[in-house]
Structures are given as structure tokens and as C-alpha cells.
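Notes for the one structure printed next.
Model, not experiment: these values are computed from the prediction. Positions are given from 1, in the same order as the sequence printed here. Heavy-atom basis, side chains included; hydrogens, waters and symmetry copies ignored.
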Amino acid sequence: MSFTEYVMSGQRGRITIVGEQRGMYLSEDRRMCGFYNPVRGAMRRAVNSPTPEREFERAFDAVDRTGQARAFQEVADGFLPWLQHTGATGVPVEKVHWSAGDLTLRVSPHLGLRRPDGSVAAVLVHLKEVPLTREAATIALRILQRTHPEFTPMVLDARRGRSFEVWKRTNTTKLDALIAAEAAGYVVHWRMSA
């Protein structure tokens, strides 16, 4: 999702994102990138739990940073009704590496879901306060589509309980060109910010 955020950000946003990514990559303090880890774990457990709300209680017990309680509550408020509505259960989904030019991304879906119709979805989850746009979701969906072809790609804006799937009219040729160009830009930006 960080690459998707990079693609959709303006000049200042991109500078900030690359700076944050470099900081996490070079940091010896692994807590630096773990703000949402407790709530991600709660979501993974919730998809197979008879009491998914209890899984979120465990996440609340792990709150130790400013803003986590509010963020986790907003995720729970959006995710739990969405999960109940889907009727899905969890399935394993593997992380893979995907390359575009000199950029290699680890694509690690947050959730694997088996829906009532038997189809399985690989889900990337957006947890941040700023709402996810269809345009941003489309980039993540295309990367999922290319890396996990056996799954239906899905991106979930968890705070708002809104999911996105591939739009049938998506021009994949133009989208692939955009992703390749943005990947090249990210690599240059990373190298120049050293």
C-alpha cells in the first residue's frame, strides 16, 4: 500500500513517503513501522473467529502509542460490520515479490477470504485516516491481480468498511504503463534522497 500511496501523492507527499520508507528501512527500532500491527492481527484472527469483536479487544490491550486507540476503534467500526456483511472466512494467502524495472515490492495481502459463493479473495487493507480513492485502489488491485492470479483481488478501506474490486472497464495496458513509470520514479526518488 505504501507504493500506492506514493503514486497518488503530490510532490510533497512523495518526498514524505520516501523519507518515511527510508527511515523504516534503515531503522534499528522495529517499532517504527508497527503502529497498525495489533489491529492487523485482530483483523486476521477475526475472519475465523466466532466472536470477532473480542479479537479487537486484544488489539486495544496492545495500545501504547498516541492515536492508536482512536485509530483502532475507527478500524473496528468499519471492519466488523463489513466482515459480517461479507459472510467470508479466512484462508491462507502467500506473500510474493514482484518487480517493475529496478523496483521490487513485497506484496503481502493482509487477508485471504473465502466468500459464500466459494470464490477466494486476496485483500490489501488501507488503514489510514485519509479515505482511499478508487484511483488509488485500482493500482493496488492491478498489482494483486498480477501477483496472485488465483485470487480475486480486493482492496479494503477498513475505517469506512468499503471494498474495491477490479473494474471491468479498466484499461490494463495503460495502467501497467503507469505503474511501470511510477516504479521507475520511485527508484530514482529513493536513490536521490540518500
Side-chain angles (χ1 to χ4, degrees), residues 1-41 43-44 59 63-72 74-75 78-79 93 95-111 122-148 153-164 166-167 170 172 174-194:
M1 291 304 295
S2 295
F3 177 69
T4 300
E5 290 173 25
Y6 173 84
V7 171
M8 301 314 301
S9 297
Q11 180 181 2
R12 287 184 186 204
R14 288 177 179 211
I15 290 168
T16 301
I17 289 168
V18 171
E20 288 173 356
Q21 289 297 309
R22 283 187 70 80
M24 284 188 278
Y25 181 75
L26 299 173
S27 176
E28 293 179 19
D29 180 6
R30 290 294 144 208
R31 284 178 28 105
M32 190 171 173
C33 59
F35 185 89
Y36 290 106
N37 284 349
V39 81
R40 280 190 193 104
M43 291 167 59
R44 282 188 206 90
V63 166
D64 65 351
R65 294 157 108 174
T66 303
Q68 276 183 319
R70 180 181 59 81
F72 292 5
E74 289 176 3
V75 170
F79 179 77
V93 59
K95 68 180 175 188
V96 299
H97 287 86
W98 175 76
S99 296
D102 290 338
L103 178 66
T104 299
L105 300 175
R106 184 180 69 198
V107 182
S108 184
H110 300 105
L111 301 171
V123 185
L124 286 173
V125 180
H126 174 78
L127 295 166
K128 299 210 174 164
E129 192 169 6
V130 175
L132 183 68
T133 65
R134 162 136 322 262
E135 188 178 8
T138 299
I139 292 165
L141 288 166
R142 181 60 178 156
I143 292 170
L144 272 175
Q145 192 175 45
R146 293 179 71 185
T147 58
H148 293 79
M154 183 184 295
V155 176
L156 171 64
D157 183 341
R159 290 191 193 209
R160 281 144 290 275
R162 181 177 181 207
S163 58
F164 298 87
V166 175
W167 196 26
T170 301
T172 57
K174 288 182 178 180
L175 187 55
D176 289 344
L178 170 70
I179 292 169
E182 294 294 345
Y186 185 93
V187 169
V188 170
H189 204 149
W190 180 277
R191 290 176 180 161
M192 296 299 290
S193 66

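- At least one side-chain heavy atom of L103 sits under 4.5 Å from a side-chain heavy atom of F3.
- The two atoms that bring F35 and T66 nearest to each other are CE1-O, 3.6 Å, heavy atoms only.
- Scored by the side-chain contact (heavy atoms from CB on, under 4.5 Å) test, V188 finds M192 as partners (sequence neighbours excluded).
- Annotation: salt bridge (Lys or Arg N to Asp or Glu O under 4.0 Å) contacts involving residues 179-190, sequence neighbours excluded, comprise R14-E182.
- Minimum interatomic distance between V187 and D102 (heavy atoms only, all atoms of both residues): CG2-C, 3.8 Å.
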Q: Just do the side-chain contact (heavy atoms from CB on, under 4.5 Å) check on I139 and L175 with the steps written out, would you?
A: CA-CA 7 Å; I139 292 165; L175 187 55; 4.1 Å; yes
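- Residues forming a side-chain hydrogen bond (donor to acceptor under 3.5 Å, both in side chains) with R160 (at least two apart in sequence, or on another chain): D157.
- Shortest non-hydrogen contact noted between Q68 and G34 is NE2-O, 4.5 Å.
- Using a 4.5 Å heavy-atom threshold, the side chains of H189 and I15 count as touching.
- For residues 130-145, the salt bridge (Lys or Arg N to Asp or Glu O under 4.0 Å) pairs, not counting sequence neighbours, are R142-D176.
- Remark: S163 pairs with W82 by the side-chain hydrogen bond (donor to acceptor under 3.5 Å, both in side chains) rule, at least two apart or across chains.
- Considering OG1 of T147 and CG of L105, their distance stands at 9.5 Å, rounded to 0.5 Å.
- Residues satisfying the side-chain hydrogen bond (donor to acceptor under 3.5 Å, both in side chains) criterion with S99, sequence neighbours excluded, are T104.
- By the 4.5 Å heavy-atom criterion applied to side chains, L144 and V166 are not counted as neighbours.
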Under 3.5 Å, sequence neighbours excluded: what are the donor-acceptor pairs made by side chains of residues 123-133?
{"residue": "H126", "atom": "NE2", "partner": "V130", "partner atom": "O", "Å": "2.7"}
{"residue": "K128", "atom": "NZ", "partner": "E5", "partner atom": "OE1", "Å": "3.1"}
{"residue": "E129", "atom": "OE2", "partner": "R70", "partner atom": "NH1", "Å": "3.4"}
{"residue": "T133", "atom": "OG1", "partner": "A136", "partner atom": "N", "Å": "3.1"}

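- For A59, the side-chain contact (heavy atoms from CB on, under 4.5 Å) partners two or more places apart in sequence, or in a different chain, are P38, A42, F72.
- Residues W167 and T138 fail the side-chain proximity criterion, which asks for heavy atoms closer than 4.5 Å.
- For K95, the side-chain contact (heavy atoms from CB on, under 4.5 Å) test picks out R106, S108, with sequence neighbours left out.
- Among residues two or more places apart in sequence or in another chain, the ring pair (Phe, Tyr, Trp, His ring centres under 6.0 Å) test is passed with Y186 by Y6.
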